[in-house]
Q: 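There's a structure below that I have some questions on.
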Amino acid sequence: MSASEPTGFRGTIAALGGGGFSMSETGESAIDDELLQMASRRNTASQLPRVCFVPTASGDSRDYIERFEAAFKGRAQTHVLSLFGQSPWDYQDPSMLLDMDLIYVGGGSTANLLSLWRRHGVDDKLRGAAAGGTILAGISAGANCWFEASSTDSFGPLAPLNDGLGFLRGSACPHFHGEPGREESFQEWIVQGRLPVPGIAIDDHAAVVYEDGRATSVMVESAEAKAFVVGREGMHDLSADAPR
């Protein structure tokens with residue numbers, strides 16, 4: 001089973017099943033540290049990398065934004081793309097994304113995120129930013145969004161959503177072993193053809209990194225965390241193949 005097929009998308013994407021500062025009591029995260037290192041390598045101006053948090057899926061949750069700013073304080077120039085116009089961040093033109101080194105998408109409702117992004121033209125700006133070298137990353141809904149389809153609880157119970165951006169082929173399932181029902185339902189929907197292959201299942205505290213649509217590595221911040229390729233004939237441990 002192949003974990004990746006070309007889509008015409010150009011750029012780097014890190015899809016986190018869970019973890020990062022979102023699931024850290026202290027805000028510390030080995031995956032976030034690596035994302036910052038990647039962003040710093042892109043930034044050639046010898047200054048702190050420009051990191052933009054996109055909290056659309058959580059309705060621009062104030063607490064979520066403040067946790068992001070605390071986790072990245074002193075390590076990055078922090079920015080927030082607010083589509084809800086929350087004070088003190090207020091509404092931001094999505095064109096700001098083109099000036100970032102790293103765009104970090106938060107978790108929440110995948111369906112709401114996709115709807116609002118398309119309405120505001122965020123999807124086009126993300127594609128343009130990635131083509132210019134900006135690293136795209138996201139957790140949970142912020143991982144689902146890059147794929148053609150995903151497993152989501154946006155409508156209450158877990159359900160398949162065939163409405164992703166399609167930057168990456170196939171379908172995604174975050175929190176694979178971290179939430180009840182995720183593993184069983186995702187495998188069932190893949191077998192039934194309700195979600196497209198390849199299925200990429202990502203545990204909490206793991207992330208799959210893609211370059212130009214192809215999976216190139218798996219990052220983990222706990223010994224138990226893994227990522228899997230799920231197909232109609234079984235499941236394969238992607239973590240065993242990819243360098244960490």
Side-chain angles (χ1 to χ4, degrees), residues 11-108 113 122 125-126 128-130 132-143 145-146 174 202-211 216-223 225 244:
T12 302
I13 295 176
L16 288 74
F21 76 92
S22 296
M23 296 179 66
S24 168
E25 292 184 3
T26 64
E28 297 177 351
S29 160
I31 289 177
D32 289 354
D33 290 347
E34 180 58 29
L35 291 173
L36 275 177
Q37 287 294 322
M38 293 165 64
S40 296
R41 290 193 289 270
R42 178 189 182 276
N43 190 315
T44 59
S46 299
Q47 58 186 10
L48 293 176
R50 298 159 294 184
V51 180
C52 183
F53 183 51
V54 185
T56 313
S58 66
D60 284 3
S61 163
R62 177 182 291 270
D63 176 69
Y64 206 175
I65 295 171
E66 290 176 346
R67 287 168 61 200
F68 158 73
E69 292 181 330
F72 286 82
K73 182 178 180 181
R75 304 195 295 159
Q77 302 176 53
T78 59
H79 303 264
V80 176
L81 175 64
S82 172
L83 300 182
F84 290 83
Q86 293 257 37
S87 177
W89 300 280
D90 299 322
Y91 181 84
Q92 296 290 321
D93 187 324
S95 296
M96 70 181 291
L97 298 174
L98 299 172
D99 297 324
M100 299 297 139
D101 298 307
L102 169 64
I103 297 169
Y104 199 132
V105 182
L113 174 154
V122 175
K125 293 299 186 291
L126 287 166
T134 301
I135 297 159
L136 307 182
I139 178 174
S140 193
C145 61
W146 314 119
I202 314 171
D203 284 340
D204 292 340
H205 306 293
V208 181
V209 179
Y210 290 80
E211 300 287 350
T216 57
S217 63
V218 175
M219 299 189 295
V220 299
E221 55 188 12
S222 80
R244 300 183 177 208

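All values derive from a computational prediction rather than experimental measurement.
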Q: Is there a donor-acceptor pair under 3.5 Å between the side chain of Tyr210 and the backbone N or O of Ala15?
A: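 Looks like no, no N/O pair under 3.5 Å.
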Q: Any side-chain heavy atom of Val51 sitting closer than 4.5 Å to one from Leu35?
A: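 Val51 does not reach Leu35 side chain to side chain.
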Q: Does any non-hydrogen side-chain atom of Leu98 lie less than 4.5 Å from one of Thr134?
A: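 No - every pair of side-chain heavy atoms lies 4.5 Å or more apart.
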Q: Taking Ile31's backbone N and O only, do any of them form a donor-acceptor pair with Glu221's side chain (distance below 3.5 Å, no angle check)?
A: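 Checked: pair present.
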Q: Holding to salt bridge (charged side-chain N to carboxylate O under 4.0 Å, His left out), I want the full list of residues that pass it with Asp32, two or more places apart in sequence or in another chain.
A: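 Asp32 satisfies salt bridge (charged side-chain N to carboxylate O under 4.0 Å, His left out) with no residue once adjacent residues are dropped.
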Q: Quick one: does Arg62's side chain have a donor or acceptor within less than 3.5 Å of a partner on Ser87's backbone?
A: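 Side chain of Arg62 to backbone of Ser87: a pair is present.
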Q: Can a donor-acceptor pair be found, under 3.5 Å and without considering hydrogens, that links the side chain of Thr12 to the backbone of Ile135?
A: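 Absent.
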Q: Any side-chain heavy atom of Arg42 sitting closer than 4.5 Å to one from Arg50?
A: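 Yes, their side chains come closer than 4.5 Å.
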Q: With side-chain contact (heavy atoms from CB on, under 4.5 Å) as the test, would you mind laying out the steps for Val122 and Leu83 before giving the verdict?
A: CA-CA 10 Å; Val122 175; Leu83 300 182; 4.1 Å; yes
Q: Apply ring pair (Phe, Tyr, Trp, His ring centres under 6.0 Å) to Phe84 and list each qualifying residue two or more places apart in sequence or on a separate chain.
A: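 Residues passing ring pair (Phe, Tyr, Trp, His ring centres under 6.0 Å) with Phe84: none at all.
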Q: Give a yes or no on whether the backbone of Gly19 and the side-chain of Asp204 come within a donor-acceptor separation of less than 3.5 Å.
A: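 Pair absent, no side-chain N/O of Asp204 close to backbone of Gly19.
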Q: List the residues meeting side-chain contact (heavy atoms from CB on, under 4.5 Å) with Thr26, not counting sequence neighbours, and say none if there are none.
A: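 Applying side-chain contact (heavy atoms from CB on, under 4.5 Å) to Thr26 gives Ser24, Glu28.
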Q: Measuring from atom CG of Leu102 to atom CE of Met38, what distance do you get when rounded to the nearest 0.5 angstrom?
A: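 The CG atom of Leu102 sits 8.0 Å away from the CE atom of Met38.
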Q: Between Phe21 and Tyr104, does the ring centroid distance fall short of 6.0 Å?
A: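 Centroid distance Phe21-Tyr104: below 6.0 Å, so yes.
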Q: Excluding sequence neighbours, so at least two apart, what forms side-chain hydrogen bond (donor to acceptor under 3.5 Å, both in side chains) with Ser82?
A: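 In terms of side-chain hydrogen bond (donor to acceptor under 3.5 Å, both in side chains), with neighbours along the sequence ignored, Ser82 is linked to Asp60.
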Q: What is the distance from atom OG of Ser140 to atom CG of Leu113, rounded to the nearest 0.5 Å?
A: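 Between atom OG of Ser140 and atom CG of Leu113 there are 10.5 Å.
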Q: Give a yes or no answer on whether the side chain of Arg67 reaches the backbone of Gly27 with a donor-acceptor pair at less than 3.5 Å.
A: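 Looks like no, no N/O pair under 3.5 Å.
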Q: Mind jotting down which residue pairs meet the salt bridge (Lys or Arg N to Asp or Glu O under 4.0 Å) criterion with at least one end in residues 74-90? Sequence neighbours excluded, please.
A: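 Those involving residues 74-90 are Asp33-Arg75.
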Q: Going through the checks in order, is the side-chain hydrogen bond (donor to acceptor under 3.5 Å, both in side chains) test met by Asp63 and Ser61?
A: CA-CA 5 Å; Asp63 176 69; Ser61 163; 5.0 Å; no
Q: Looking at residues at least two apart in the chain, or sitting in another chain, which of them share a side-chain hydrogen bond (donor to acceptor under 3.5 Å, both in side chains) with Thr78?
A: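 Thr78: no side-chain hydrogen bond (donor to acceptor under 3.5 Å, both in side chains) contacts found.
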Q: Calculate, to the nearest 0.5 Å, the distance between atoms CE and NE2 belonging to Met96 and His79 respectively.
A: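 The NE2 atom of His79 is 6.0 Å from CE of Met96, to the nearest 0.5 Å.
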Q: Salt bridge or not between Glu34 and Arg41? Use side-chain N to carboxylate O under 4.0 Å.
A: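 So Glu34 pairs with Arg41 through a salt bridge.
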Q: Looking only at heavy atoms, which two atoms of Pro49 and Ser40 are closest? And how far apart?
A: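 It is CG-OG, 3.6 Å.
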